[in-house]
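These notes concern the structure reproduced below.
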Amino acid sequence: MVTGLQRSYDSGFNFSVDVGAAYYAGQFKGGIYPVANLSIGWIISEKRWCVGR
């Protein structure tokens with residue numbers, strides 16, 4: 001279960017922040033662990049179609 005925030009701006013800058021918990025079932029003992037993700041980017045195309053207009 002993860003929740004987050006994602007924003008894109010007219011300048012092309014965008015970012016995403018996600019936090020939550022995940023169940024890990026790998027080759028070692030499974031369990032619930034915290035999860036965090038930060039993504040920062042730049043839309044280089046002149047057509048910034050993903051910026052909600």
Side-chain angles (χ1 to χ4, degrees):
M1 184 173 5
V2 176
T3 188
L5 173 71
Q6 180 180 10
R7 293 286 185 257
S8 295
Y9 297 97
D10 288 336
S11 65
F13 175 76
N14 63 52
F15 72 93
S16 174
V17 179
D18 306 304
V19 293
Y23 182 80
Y24 176 75
Q27 62 192 57
F28 303 107
K29 181 179 178 185
I32 298 176
Y33 296 97
V35 175
N37 180 53
L38 171 64
S39 176
I40 299 173
W42 194 269
I43 303 169
I44 60 173
S45 169
E46 287 186 25
K47 295 180 179 181
R48 297 188 176 106
W49 54 268
C50 68
V51 180
R53 283 190 172 192

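Owing to the predicted nature of the structure, the values given are computational and were not obtained by experimental measurement.
The two atoms that bring S8 and N14 nearest to each other are OG-CB, 3.4 Å, heavy atoms only. When every heavy atom of A21 is checked against every heavy atom of V35, the shortest pair comes out as C-CG2, 4.2 Å.
Legend: residues meeting side-chain contact (heavy atoms from CB on, under 4.5 Å) with V17, ordered by chain and number and at least two apart, are F15, L38.
Linking ILVMFWY side-chain heavy atoms closer than 4.5 Å, directly or via other members, places I44 and F13 in a single hydrophobic cluster. L5 and W42 fall within a single hydrophobic cluster, where Ile, Leu, Val, Met, Phe, Trp and Tyr are joined by side-chain heavy atoms under 4.5 Å apart, directly or via other members.
Within the structure, side-chain hydrogen bond (donor to acceptor under 3.5 Å, both in side chains) pairs that include any residue of residues 21-33 do not occur (at least two apart or interchain).
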